[in-house]
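Notes for the one structure printed next.
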Amino acid sequence: MDLSKWIGHTFDISDSMAPEQLQKFEALMNGDPESVSDGSEISPCGHWIYFNPPIPQMDLGINGHERNSDFLPPVELPRRMWAGGTIKFKKPLKSGVPADKKSTITKIDEKEGKSGQLCFVTIRHQVSARGAVAIDEEQTLVYREESEKGAHPIRTQPLDIDPEWRKSTKPSSIQLFRYSALTFNSHRIHYDQDYAREMEGYPNVLVHSPFLVLLMIDAFTSKADGKVISEIKYENVGPVYLGEQITICGKSIDNTKTALRIHGSEGKMAVKAEVDWTYNW
């Protein structure tokens with residue numbers, strides 16, 4: 001099937017940016033929900049908890065994804081994952097200030113990888129509020145074939161930096177549930193252990209890739225007082241399964257950039273990222 005005709009497809013959605021949603025996000029990230037009110041700034045990547053369309057239950061497939069999307073191309077590969085992206089934070093979004101999001105498919109690449117056929121779909125998201133673009137985001141989805149019986153994705157890339165700081169954590173099933181609820185994400189690999197094991201061949205449910213990015217940002221901001229992220233580039237290079245202990249670490253590249261990584265107990269990476277930052281002084 002020629003998928004190139006889907007390049008240029010757009011999808012528009014608006015959101016009231018309700019402070020109640022941001023309060024729940026702050027609760028998930030161990031912030032202070034009571035500090036949130038109309039006009040509170042939404043932290044980097046907090047916009048992911050907004051702009052999630054209310055897809056009717058009858059339109060969902062067995063995996064929890066929308067069965068027939070009017071926006072995404074009909075890729076004939078059964079597994080869809082969030083591969084990575086780049087986000088430029090141009091101005092803060094604020095709770096209670098309505099915003100609009102325009103999504104455009106900009107690229108579709110079909111490739112043959114070690115694990116079989118792959119299809120990469122690149123989407124540009126532009127979030128605007130009060131007539132100005134606040135966030136310019138490029139997101140890449142990867143579609144792949146089913147894994148062979150008894151095989152599943154693993155981390156393979158060794159840690160490639162000498163960290164200046166580290167923070168360890170173990171994402172819990174409660175965190176995964178709350179993040180799925182906040183983002184209205186019904187993909188069953190993140191909460192249904194039987195489905196993840198028996199239908200998709202994983203050893204356990206998977207931690208959401210964007211949630212891992214949020215954990216990285218949270219760790220960075222806790223170590224970098226006064227630094228404000230202006231851009232983040234990230235790549236998901238391996239899975240994290242429920243019950244695994246992970247380490248978030250970072251190393252300064254220069255006076256405006258920091259490398260961030262997440263790796264498992266064996267030292268292999270799950271997420272690679274680089275943040276550009278400025279001082280909020």
Side-chain angles (χ1 to χ4, degrees), residues 11-55 82 85-103 123-139 167 169 171-187 190-191 207-232 234 248 260 262 271 273 275-278 280:
F11 175 73
D12 296 334
I13 188 170
S14 299
D15 202 298
S16 65
M17 312 301 283
E20 292 81 5
Q21 186 78 343
L22 186 58
Q23 288 172 346
K24 294 170 185 175
F25 176 73
E26 288 296 323
L28 170 66
M29 303 304 295
N30 281 319
D32 180 10
E34 294 185 359
S35 68
V36 175
S37 59
D38 281 332
S40 295
E41 286 193 7
I42 298 170
S43 58
C45 293
H47 69 286
W48 285 336
I49 67 171
Y50 295 100
F51 306 106
N52 296 297
I55 300 167
W82 193 319
T86 300
I87 310 173
K88 296 178 181 179
F89 303 99
K90 296 179 172 295
K91 57 177 288 188
L93 290 168
K94 295 186 177 182
S95 63
V97 178
D100 304 305
K101 177 180 171 184
K102 175 178 283 294
S103 301
I123 307 167
R124 185 182 186 188
H125 305 287
Q126 289 186 301
V127 181
S128 302
R130 290 177 172 164
V133 175
I135 292 175
D136 196 347
E137 175 176 6
E138 183 177 88
Q139 174 195 10
K167 178 182 179 180
T169 187
S172 70
S173 58
I174 296 173
Q175 286 175 303
L176 302 196
F177 169 81
R178 296 181 99 185
Y179 185 73
S180 286
L182 267 176
T183 56
F184 208 52
N185 183 348
S186 52
H187 195 185
H190 299 305
Y191 60 88
V207 180
H208 312 68
S209 296
F211 183 60
L212 292 172
V213 174
L214 286 169
L215 292 177
M216 295 177 92
I217 290 174
D218 185 63
F220 170 78
T221 53
S222 69
K223 299 286 185 180
D225 187 38
K227 293 179 180 177
V228 178
I229 296 174
S230 57
E231 182 175 335
I232 181 168
Y234 63 95
I248 307 164
L260 300 176
I262 291 181
V271 188
V275 295
D276 289 21
W277 51 266
T278 57
N280 187 23

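- Looking at Lys101 and His47, their side chains never come closer than 4.5 Å, going by heavy atoms from C-beta outward.
- Between Glu231 and Thr86, some side-chain heavy-atom pair lies under the 4.5 Å cut-off.
- Not a single donor-acceptor pair under 3.5 Å links the side chain of Asp218 to the backbone N or O of Met216.
- Distance OG/Ser173 to OH/Tyr191: 14.0 Å, rounded to 0.5 Å.
- Here the closest non-hydrogen pair linking Lys167 and Ala219 is CD-CB, 4.1 Å.
- Separating the CD atom in Glu41 from the CG atom in Leu93 is a distance of 9.5 Å, to the nearest 0.5 Å.
- Using a 4.0 Å cut-off between charged nitrogen and carboxylate oxygen, Asp136 and Arg124 count as a salt-bridge pair.
- Going from atom CZ of Phe11 over to atom CD1 of Ile123 covers 11.0 Å, rounded to the nearest 0.5 Å.
- For the side-chain contact (heavy atoms from CB on, under 4.5 Å) with Ile217, the lone residue among Ser222, Cys45, Ser43 that qualifies is Cys45.
- Residues satisfying the ring-ring contact (aromatic ring centres under 6.0 Å, His included) criterion with His187, sequence neighbours excluded, are His65, His190.
- Across Pro53 and Phe184, no two heavy atoms sit closer than the pair O-CD2, 3.7 Å.
- The shortest heavy-atom contact between Ser103 and His125 is OG-ND1, 2.6 Å.
- For the residue pair His208 and Ser180, the shortest heavy atom distance occurs at NE2-OG, 2.7 Å.
- Under the 3.5 Å distance criterion, the side-chain polar atoms of Ser95 are matched with a main-chain donor or acceptor of Ser37.
- The CD1 atom of Ile229 sits 7.5 Å away from the CG atom of Leu260 when rounded to the nearest 0.5 Å.
- With rounding to the nearest 0.5 angstrom, the CD1 atom of Ile248 is 5.0 Å from the CG atom of Leu215.
- Taken from NZ in Lys94 to CZ in Arg130, the straight-line distance is 6.5 Å, to the nearest 0.5 Å.
- Between Lys91 and Ala129, the closest heavy-atom pair is NZ-O, 3.9 Å.
- Heavy-atom minimum distance, Ser40 versus Ser35: OG-O, 3.7 Å.
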Under 3.5 Å, which donor-acceptor pairs do the side chains of residues 17-25 form with other protein atoms, sequence neighbours left out?
{"unit_1": "Gln21", "atom_1": "NE2", "unit_2": "Ile49", "atom_2": "O", "d": "2.9"}
{"unit_1": "Gln21", "atom_1": "NE2", "unit_2": "Leu182", "atom_2": "O", "d": "2.8"}
{"unit_1": "Gln23", "atom_1": "NE2", "unit_2": "Val36", "atom_2": "O", "d": "3.3"}

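- Taking the side chain as every heavy atom from C-beta outward, Leu212 and Tyr234 never approach each other to under 4.5 Å.
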Would Glu137 and Trp48 satisfy side-chain contact (heavy atoms from CB on, under 4.5 Å), going step by step from the backbone distance to the final call?
CA-CA 11 Å; Glu137 175 176 6; Trp48 285 336; 3.1 Å; yes
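- Side-chain atoms of Asp100 do not come within 3.5 Å of backbone N or O of Ser128 as any donor-acceptor pair.
- Residues Leu28 and Phe211 meet the side-chain proximity criterion, which asks for heavy atoms closer than 4.5 Å.
- Trp277 is not listed as a side-chain neighbour of Val228, based on a closest heavy-atom distance of 4.5 Å or more.
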